[in-house]
Amino acid sequence: MTGKVARGDGYSWPYRIWWEIEYTLMHVFGPASLEGDADPRVAMKKDHDRRRALHRERRAAAGR
């Protein structure tokens with residue numbers, strides 16, 4: 001695995017902070033709960049979990 005992060009696929013502090021804000025706003029102002037992947041909050045959570053796993057994988061490969 002390379003240390004390069006695909007553009008727009010990072011797990012930086014600004015991403016994490018904005019994700020929390022956006023997820024909370026979606027909960028308050030977003031659409032009603034939908035089924036499965038049609039729910040935008042479920043899609044956001046899946047993408048967040050994927051990025052977090054990649055971040056952990058990269059850190060382990062770098063020996064941190």
Side-chain angles (χ1 to χ4, degrees):
M1 170 167 288
T2 98
K4 286 202 136 228
V5 177
R7 183 177 179 89
D9 204 24
Y11 194 68
S12 64
W13 282 106
Y15 164 77
R16 295 180 218 184
I17 292 168
W18 179 248
W19 185 86
E20 288 291 339
I21 293 168
E22 188 176 12
Y23 191 77
T24 302
L25 288 173
M26 282 293 254
H27 179 72
V28 175
F29 298 110
S33 295
L34 303 171
E35 295 293 323
D37 289 337
D39 191 336
R41 287 174 290 178
V42 170
M44 285 180 67
K45 183 70 173 147
K46 282 183 179 180
D47 183 56
H48 182 264
D49 292 343
R50 180 189 60 81
R51 287 180 186 222
R52 182 177 48 202
L54 283 172
H55 175 70
R56 289 180 177 168
E57 198 175 300
R58 289 179 185 124
R59 285 183 56 112
R64 293 192 217 164

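For the single chain, residues carry numbers from 1 onward in sequence order.
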Could you walk me through whether Lys45 and Trp19 pass side chain to side chain contact (heavy atoms under 4.5 Å, CB included), step by step? CA-CA 9 Å; Lys45 183 70 173 147; Trp19 185 86; 4.1 Å; yes

Are Glu35 and Asp39 close enough, and set up right, to give a side chain to side chain contact (heavy atoms under 4.5 Å, CB included), and what steps lead you there? CA-CA 6 Å; Glu35 295 293 323; Asp39 191 336; over 6 Å; no

Intermediate values then yes/no, salt bridge (Lys or Arg N to Asp or Glu O under 4.0 Å), Arg52 and Asp49: CA-CA 5 Å; Arg52 182 177 48 202; Asp49 292 343; 2.8 Å; yes

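When the side chains of ILVMFWY residues are joined at heavy-atom separations under 4.5 Å, either directly or via intervening members, Val28 and Val42 end up in two distinct hydrophobic clusters. A single hydrophobic cluster is not seen to contain both Ile17 and Tyr11; linkage of ILVMFWY side chains at heavy-atom distances under 4.5 Å, directly or through other members, places them apart. In terms of hydrophobic clustering, with Ile, Leu, Val, Met, Phe, Trp and Tyr side chains grouped at heavy-atom distances under 4.5 Å, Leu34 and Leu25 are assigned to different clusters.
Note that Arg16 lies in the cation-pi zone of Trp13, set by a 6.0 Å cut-off to the ring centre and a 45° limit from the axis.
Inter-residue side-chain proximity for Arg59 and His55 is flagged as met; some heavy-atom pair is nearer than 4.5 Å.
Aromatic ring pairs are classed by plane angle as parallel below 30°, tilted from 30° to 60° and perpendicular above 60°; the pair His48 and Tyr15 is parallel.
At distances below 3.5 Å, at least one donor-acceptor pair connects side-chain atoms of Arg51 with backbone N or O atoms of Gly10.
To the nearest 0.5 Å, atoms NE2 (His27) and CZ (Arg41) are separated by 6.5 Å.
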